[in-house]
A.B. asks: 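One structure, as structure tokens, below. Some questions next.
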Amino acid sequence: MQLSIRNQIPGTVTGVTPGEVMATVKVHLSGGQDITAAITLEAVQDLGIGVGSAVRVLAKATEVSLATGPIEGLSIRNRLSGTLIEIVLGANLANVKVAVDDAELTAVITREAVEELGLTPGTGVTALIKSTEISLATD
């Protein structure tokens, strides 16, 4: 299946914490960082997700935020360290690519944010993604 979601990072499930409706799934990415997905318990069961399962972590580019400095007092659990590798500026929005270990993340942010943060290739950034905005896929 082909998907329009650009951000697809392989990983291995290291933990599943089921709730009544939702479950949190911890995934160790192939590059060494960890990410948490909050998905329905039904999806966990339908996809057969358990500890050791190979998955692809999916995140829409519009759901990825970037930070250039220390992050404190923020509820977002997923904070992936990386280096900015490419910026394509549009009239209002920018497509920003970030190298995260052996993977690449794309963030769509405003042109104004690019300018205010002083983003250029080589800038160290932290990609922020809410766990509720992460989907998981199995093969």
Side-chain angles (χ1 to χ4, degrees):
M1 172 190 297
Q2 296 285 344
L3 298 173
S4 65
I5 297 176
R6 299 295 83 196
N7 297 317
Q8 300 185 30
I9 304 173
T12 303
V13 174
T14 58
V16 177
T17 305
E20 291 181 16
V21 176
M22 301 291 288
T24 55
V25 180
K26 303 279 186 186
V27 178
H28 187 70
L29 302 178
S30 61
Q33 298 189 63
D34 295 303
I35 202 159
T36 300
I39 62 175
T40 65
L41 185 57
E42 183 178 10
V44 169
Q45 295 165 345
D46 289 348
L47 295 171
I49 293 174
V51 173
S53 296
V55 296
R56 279 180 289 131
V57 172
L58 309 172
K60 290 175 59 177
T62 53
E63 298 301 333
V64 178
S65 297
L66 300 176
T68 57
I71 303 162
E72 296 178 22
L74 189 64
S75 66
I76 297 174
R77 302 292 82 187
N78 296 314
R79 304 169 185 198
L80 302 174
S81 298
T83 303
L84 197 145
I85 55 176
E86 179 182 312
I87 301 171
V88 177
L89 292 173
N92 297 313
L93 296 175
N95 195 62
V96 180
K97 292 188 180 181
V98 178
V100 177
D101 298 323
D102 64 348
E104 188 177 282
L105 272 179
T106 299
V108 173
I109 61 176
T110 65
R111 182 183 183 115
E112 184 179 18
V114 169
E115 293 165 357
E116 286 180 7
L117 293 172
L119 297 179
T120 59
T123 302
V125 295
T126 301
L128 305 162
I129 314 166
K130 290 178 64 173
S131 59
T132 53
E133 299 302 330
I134 299 289
S135 296
L136 299 176
T138 58
D139 292 323

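Quick note: numbers below take in every heavy atom, side chains included, and nothing from hydrogens, waters or symmetry partners.
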A.B. asks: Atom CZ of R77 and atom OG1 of T132: how far apart are they, to the nearest 0.5 Å?
C.D. replies: 12.0 Å
A.B. asks: For N92, I'd like to know if atom CG has over 12 heavy atoms of other residues, nucleotides or ligands within 6.0 Å.
C.D. replies: no
A.B. asks: Without swapping roles, check the side chain of E104 against the backbone of K97 for a donor-acceptor pair under 3.5 Å.
C.D. replies: no
A.B. asks: Rounded to the nearest 0.5 Å, what separates atom CG in L84 from atom CG in L105?
C.D. replies: 11.5 Å
A.B. asks: Has E112 got more than 12 heavy atoms of other residues, nucleotides or ligands less than 6.0 Å from its CD?
C.D. replies: no
A.B. asks: Hydrophobic clusters here meaning ILVMFWY residues chained together by side-chain heavy-atom distances under 4.5 Å, can you tell me if I5 and L136 are in one?
C.D. replies: no
A.B. asks: Linking I/L/V/M/F/W/Y whenever their side-chain heavy atoms sit closer than 4.5 Å, directly or via other members, would L29 and V13 fall into one cluster?
C.D. replies: yes
A.B. asks: Walk me through whether V98 and T83 qualify under side-chain contact (heavy atoms from CB on, under 4.5 Å).
C.D. replies: CA-CA 5 Å; V98 178; T83 303; 5.8 Å; no
A.B. asks: For a quick test of reading the model, state the closest non-hydrogen atom pair linking Q33 to R79 and the distance between them.
C.D. replies: OE1-O, 3.9 Å
A.B. asks: Does R111 reach the main-chain N or O of L89 with its side chain, forming a donor-acceptor pair under 3.5 Å?
C.D. replies: no
A.B. asks: Hey, are the side chains of L119 and I109 touching, using non-hydrogen atoms and a 4.5 Å cut-off?
C.D. replies: yes
A.B. asks: Applying side chain to side chain contact (heavy atoms under 4.5 Å, CB included) between I35 and each of V100, V25, I134, report the one that passes.
C.D. replies: I134
A.B. asks: Would a single hydrophobic cluster contain both V108 and V64, if residues Ile, Leu, Val, Met, Phe, Trp and Tyr are joined by side-chain heavy-atom contacts under 4.5 Å?
C.D. replies: no
A.B. asks: Enter the distance from E42:CD to L47:CG here, rounded to the nearest 0.5 Å.
C.D. replies: 10.0 Å
A.B. asks: Side-chain heavy atoms under 4.5 angstrom apart, residues restricted to Ile, Leu, Val, Met, Phe, Trp, Tyr: same cluster for I129 and L66?
C.D. replies: yes
A.B. asks: Can you tell me how far OG1 of T123 sits from CD1 of I87, rounded to the nearest 0.5 angstrom?
C.D. replies: 6.5 Å
A.B. asks: Roughly how far, to the nearest 0.5 Å, is CG of N78 from CD of E63?
C.D. replies: 12.5 Å
A.B. asks: Taking atom CG of L128 and atom CD of E133, what is their separation to the nearest 0.5 Å?
C.D. replies: 13.0 Å
A.B. asks: Would V16 end up clustered with V27 when hydrophobic side chains under 4.5 Å apart are linked, directly or stepwise?
C.D. replies: yes
